> 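My structure is below; once you've seen it, I'll send some questions.
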Amino acid sequence: MIPHSLRPKNYRQSLTYLAAGILIVSVTLYLALPIVALFLRIPPDQFFSTLHNPDVISALWLSLFTTVVTLVVVILVGTPFAYFHSRYTYPGKVIVDTLIDLPLVLPPAVAGVALLMLWGRTGLLGRYFNMFGITIAFTTLAVIMAQIFVASPFYLRQAKSLFEQLDPAYEQTARTLGSSPLRTLVLVTLPMTAGGLISGAVMTFGRALGEFGATIMFAGNLPGVTQTMPLAVYVGMEGDLYVGLTISILLVIISFTIMIIVRLVQKREAGHA
Amino acid sequence: MLEASMVKRLRDYTLDFTLRAESGQITVLMGTNGSGKSTSLNIIAGLLQPDTAKITLNGECICETREGINIPVEDRRIGYVLQNPAVFPHMTVHDNVAFGLRARRTPRAEVTGYVAEWMDRMHITDLAGVKAGNLSGGQKQRVALARALATDPVLLMLDEPFTALDAESTQSVKDLTRQYVRDFNIPCILVTHRVADSEEIGDRACVLCQGRMEWEGIPTEMPELCTVCRCP
């Protein structure tokens, strides 16, 4: 039974409903079917047995380790950076704004090449590190650096925008009440922007976890050292298909979880507003 | 007593005037939008840097630009309720009122006592456990006032405190402010653009126009030159 409000009132309206229905179903199927196909391609028992494959475990742990380190660095450095950037005017601020956004539009492979040109053994800075026997490219550190470069804008943009939008009256009032700048930041500014910061952090985590192009260019594809989950998928598709499929499904599950967390945080924020 | 001389170059004009506010009195600062009222309060509070200024509070210099004296905002002991009462929405009413006391490291037992006393005075005791984000405009204004007064300020500044209030809340906030200023014998600066408020609550009135003091005196004697400031 079609609800009264949805019953077509005339021919033109029914055509609109039909077009809208076709469009919604088409877009939904276009987005959902590849995911369904991924899950249907591998039998459940095969999926669970492949989870014990050393390549899968190694890639999983390396991805989780590098992504968590990336997230911690981005939050610890990005939060005060975004705060100062939003609060102060300084020469070249527009350029810094553009640089924050650049990794979002830059092809990841180009980001990887750029990092290699800077930190590689013969790179602009890397050559000096190399003189002291310190190698950065093609190490786990390079994986983290590539993830930070590519994923940090998600957090920085969000944090910057949150701090800019917060009415200065809250911080000013806290200061007149005797609160130091640091205490004001910790007790007023951060709690009032926490929901948005968490959303930004979760999106950064997701982007870092899926990082492929910059990592393969700058860190290479060494199992156990730089071979993260997306890289292991690539290798798996050329060798053991089930390894590729199992890791892909793991990434889909993690991505879904991330989106659910973001939605829940946004819902909670909307409830508080 | 507050005595503040300040100069600050703004976009459209230069703010340049001297403001005096006697202890135990409410000095009303009036003027049209953009006449420099809130900017003046921000300079006195230390939230905005003046080009030149000399501000003394009860004989103590809190800002003198020529001698490089500039007491930080948090040490000026000024109770300032901004146009947006800015109650912290993630905290309860109790924690809002306690915020300034905790910031000034008041012993815990005393904090409890002061907070209970001020919530009682402002008739917000029933709201103690309510998240401040869920309060009405009038309730927020009372919380903001209780929070400012609980810190035992030596100067009280209220920026358009009646804007978001209904008639009943307005009267209540006016009565509480007047009583506090008399009881504790501190100067109070109240910013408003409504002559009726000025005449009802103010002991003295100052009219600002384009950053300059156009008139000061007893509110009921305000001459016709202030018609521009009258509410319709």
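These numbers come from a predicted model, not from an experiment. Sequence lines set the chain letters: A, B, ... in the order given, protein chains first and strands last, and positions in each chain run from 1.
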> Just verifying a value: how many Å separate B/F99 CZ and A/T173 OG1, rounded to the nearest 0.5 Å?
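Nearest 0.5 Å value for the CZ-OG1 distance: 9.5 Å.
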> Where is the tightest heavy-atom contact between A/G178 and B/R104, given as atom of each residue plus distance?
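For A/G178 and B/R104, the tightest heavy-atom pair comes out as N-NH2, 3.6 Å.
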> Would one find more than 12 heavy atoms of other residues, nucleotides or ligands at under 6.0 Å from atom NZ of A/K160?
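Yes.
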> Would you say that more than 12 heavy atoms from the other residues, nucleotides or ligands in this model lie under 6.0 Å from the CZ of A/R263, or not?
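Open.
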> Any chance CZ of A/F39 has more than 12 other-residue heavy atoms, nucleotides or ligands included, within less than 6.0 Å?
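Atom CZ in A/F39 is packed in, count exceeds 12.
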> I need the B/Y80 OH to A/L177 CG distance, nearest 0.5 Å.
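Spacing of OH (B/Y80) from CG (A/L177) equals 12.5 Å.
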> Is it the backbone or the side chain of B/R77 that comes under 4.5 Å from a heavy atom of chain A, or both, or neither?
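Neither part, no heavy atoms under 4.5 Å.
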> Is there side-chain contact between B/N84 and A/Y170, with at least one heavy-atom pair below 4.5 Å?
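The answer is yes; the side chains approach within 4.5 Å.
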> Counting only heavy atoms not in A/E164, do more than 12 sit closer than 6.0 Å to its CD atom?
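More than 12 heavy atoms, drawn from other residues, nucleotides or ligands, come within 6.0 Å of this atom.
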> Non-hydrogen atoms of chain A under 4.5 Å away: do they reach the side chain of B/I78, the backbone, both or neither?
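Looking at B/I78, just its backbone touches chain A.
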> Heavy-atom count around B/R121 CZ within 6.0 Å, excluding the residue itself: above 12?
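Counting neighbours around CZ of B/R121, more than 12 heavy atoms of other residues, nucleotides or ligands fall under 6.0 Å, so yes.
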> Counting only heavy atoms not in A/Y30, do more than 12 fall under 6.0 Å of its OH?
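Counting neighbours around OH of A/Y30, 12 or fewer heavy atoms of other residues, nucleotides or ligands fall under 6.0 Å, so no.
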> Among B/L101, B/T151, B/N42, B/V87, single out the residue with the greatest number of heavy-atom pairs under 4.5 Å to chain A.
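Highest number of pairs under 4.5 Å: B/V87.
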> With a 4.5 angstrom heavy-atom cut-off, which part of A/A174 approaches chain B: side chain, backbone, both or neither?
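Both parts, backbone and side chain.
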> With a 4.5 angstrom heavy-atom cut-off, which part of A/R175 approaches chain B: side chain, backbone, both or neither?
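Its backbone and side chain both get close to chain B.
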> Give, for atom CD of A/Q172 and atom CG of B/L41, the distance between the pair rounded to the nearest 0.5 Å.
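Atom-to-atom, A/Q172:CD and B/L41:CG are 11.5 Å apart.
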> Once you round to the nearest 0.5 Å, how far does CD of B/E74 lie from OG1 of A/T176?
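B/E74 CD to A/T176 OG1: 10.0 Å, rounded to 0.5 Å.
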> More than 12 non-hydrogen atoms from neighbouring residues, nucleotides or ligands closer than 6.0 Å to CG on A/L31, yes or no?
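Yes, the 6.0 Å shell around CG holds more than 12 heavy atoms from other groups.
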> Please check if the number of heavy atoms outside B/D183 that lie under 6.0 Å from its CG is greater than 12.
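Yes, CG of B/D183 has more than 12 neighbouring heavy atoms, counting only those of other groups under 6.0 Å.
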> For the atom pair OG1 (A/T184) and CZ (B/F88), what is the distance rounded to the nearest 0.5 Å?
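Reported to 0.5 Å precision, the distance equals 7.5 Å.
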> Taking the side chain from B/H90 and the backbone from A/T193, do they hold a donor-acceptor pair closer than 3.5 Å?
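Not a single qualifying donor-acceptor pair exists.
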> Looking at B/M91, B/R102, B/M157, which has the largest count of heavy-atom pairs under 4.5 Å with chain A?
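Counting heavy-atom pairs under 4.5 Å, the top option is B/R102.
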